[in-house]
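Written below as structure tokens is the structure these notes are about.
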Amino acid sequence: MSIRQIDETRVTSLIVSHFAEDFLADLRLDVAVVGAGPSGITTARLLAAEGHKVAVFERSLHVGGGMWGGGMLFPRIVVQEEGIFLLEDVGVTVKSAGDGYYVADSVECVIKCAAAALDAGARIWVGMSVEDVMIDEDDRVRGVVLNWGAVEQAQWHVDPLAVRAKLVIDATGHECDVARTIERKIPGARFDTDTGEAIGERSMNATVAEGHIVELTKEVYPGLIVAGMAASAVAGAPRMGAIFGGMFLSGQKAAQLAAEMLAQE
Ligand code: 48H
């Protein structure tokens, strides 16, 4: 059998040129989703399926956020009836456990949700952290400012790159990192919350947390929608533990809202 010659520099050239081509194509987006956890990838899938140009920026090297680990590393998640269809739509097997509780394999959830988002046309960039937002003259969020996640971790001083987006979705989980950045950097910034501040999440109460998550998924600052745990955190709502239906439903609501707002542009 003859051995196929491989030109190592061709491999390098293909990686760099294709990265550049795809990244340049994403410099102007309809929606930039920050964070590839369950809410962010669901939002991205639904928006991309409607033909919107959407990319997800994920700081770590993997997608799935807190979903991989299920509850305390037991790789299963619990979902309530209302959220199941968003998993079944992407081919996840959801088992009924009675009394309105359903269980799914968290690894299967991550893989299938992410694959479906890609198939729908969303792009997912891993290893890229949103360290700031772009703001226009009237303080509306107009895009994200990116750095490598590894550079952020090393705390090196490396200047960032910028991507424009008509809307930004903060799906960064417990940290509500994008909202926190706005709070830190825009003097007098007020959010659409009871106090006008990004309040921070409260201790666990699954009933209250899951009951309010969809209503809390909204535009909290001009151009910025919060989804998933970030929505709870900004509003000062409780956490819910390893029950995930609300994360998918919140992702769906964020996609609906974003689509409505884009239609009005
Ligand atoms: C780029 C960033 C940045 C940044 C963070 O935590 P997640 O899984 O988020 P959700 O809201 O989709 O799901 C929350 C769920 O996983 C969970 O934790 C639950 C239900 N907890 C309940 C409880 O009581 O504990 O994913 C957020 C993602 C992560 O992958 C981060 O790495 C990423 O966002 N991220 N990416 N730029 N600045 N900050």
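Just so it is clear, the structure is predicted and the values come from calculations on it, not from any experiment. Order of appearance sets the numbers: ligands from 1, and atoms from 1 within every ligand.
Atom 25 (O) of ligand 1 has its closest protein heavy atom at R239 NH2, 2.7 Å. E58 OE2, 2.7 Å is the protein heavy atom nearest to atom 32 (O) of ligand 1. Scanning all protein heavy atoms for the shortest distance to atom 12 (O) of ligand 1 gives S39 OG, 2.7 Å. Nearest to atom 34 (O) of ligand 1 among the protein's heavy atoms is G35 CA, 3.2 Å. Scanning the protein heavy atoms around atom 6 (O) of ligand 1, the nearest turns out to be G173 CA, 3.6 Å. Among protein heavy atoms, atom 21 (N) of ligand 1 sits closest to H174 NE2, 3.3 Å. Protein heavy atom closest to atom 22 (C) of ligand 1, with residue, atom name and distance, is G241 O, 3.2 Å.
Ligand 1 has no N or O atom lying under 3.5 Å from any N or O atom of H62, backbone or side chain. Considering backbone and side-chain atoms together, G228 places no N or O closer than 3.5 Å to any N or O of ligand 1. Below 3.5 Å of separation, one finds an N or O of V130 facing an N or O of ligand 1. At least one N or O atom of M229, backbone or side chain, sits closer than 3.5 Å to an N or O atom of ligand 1.
The F57 neighbourhood of ligand 1 comprises atoms 1 (C), 36 (N), with distances under 4.0 Å to a heavy atom of that residue. Below 4.0 Å from some heavy atom of M128 lie the following atoms of ligand 1, by number and element: 1 (C). Listed by number with element, the atoms of ligand 1 under 4.0 Å from a non-hydrogen atom of E175 are 5 (C). Residue contact check: S129 has heavy atoms under 4.0 Å from atoms 1 (C), 4 (C), 37 (N), 38 (N) of ligand 1. Taking every non-hydrogen atom of G65 and a distance limit under 4.0 Å, the qualifying atoms of ligand 1 come out as 8 (O), 26 (O), 29 (C), 30 (O). Applying the 4.0 Å criterion to heavy atoms of V34 picks out, from ligand 1, the atoms 1 (C), 4 (C), 37 (N). Close approach to M240 involves these atoms of ligand 1, each under 4.0 Å from a residue heavy atom: 20 (C), 22 (C), 24 (O). Interface of G37 with ligand 1, defined as ligand atoms under 4.0 Å from a residue heavy atom, comprises 8 (O), 12 (O), 26 (O).
At a heavy-atom cutoff of 4.0 Å, ligand 1 is contacted by the side chain of F244 but not by its backbone. Using a 4.0 Å cut-off between heavy atoms, R59 contacts ligand 1 through both its backbone and its side chain. When non-hydrogen atoms are compared, ligand 1 lies under 4.0 Å from the backbone of A171 (N, CA, C, O) but not from its side chain. Looking at D177 against ligand 1, only its side chain comes within 4.0 Å, counting heavy atoms.
Between D132 and P160, every side-chain heavy-atom pair lies at or beyond the 4.5 Å cut-off. Between V178 and V141 there is no side-chain heavy-atom pair separated by less than 4.5 Å. Using a 4.5 Å heavy-atom threshold, the side chains of V126 and F57 count as separate. Between K218 and D192, some side-chain heavy-atom pair lies under the 4.5 Å cut-off.
A donor atom on one side chain and an acceptor atom on the other are found under 3.5 Å apart for S60 and E58. Between D22 and W125, the side chains place no donor N or O within less than 3.5 Å of an acceptor N or O (distance only, hydrogens not considered).
Checked for salt-bridge contact, R59 and E152 meet the test: a charged N lies under 4.0 Å from a carboxylate O. Look at D30 and K53 and you find no salt bridge, because none of the NZ, NE, NH1 or NH2 atoms lies under 4.0 Å from a carboxylate O.
Other residues, nucleotides and ligands place more than 12 heavy atoms under 6.0 Å from the CZ atom of R184. Residue Y101 places its OH atom among 12 or fewer non-hydrogen atoms of other residues, nucleotides or ligands, all under 6.0 Å distant. Surrounding CD of Q153 are at most 12 heavy atoms belonging to other residues, nucleotides or ligands under 6.0 Å away. Under a cut-off of 6.0 angstrom, the local environment of CD in Q155 is sparse, with at most 12 non-hydrogen atoms contributed by other residues, nucleotides or ligands.
Looking at A227, G245, G66, G64 and measuring to atom 8 (O) of ligand 1, the nearest heavy atom belongs to G66.
Ring pair F244/F248 is tilted by interplanar angle, where 30° to 60° counts as tilted.
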Report task. Quick one: do M128 and N147 satisfy side chain to side chain contact (heavy atoms under 4.5 Å, CB included)? Show the steps, please. Result -> CA-CA 6 Å; M128 288 192 194; N147 220 321; over 6 Å; no
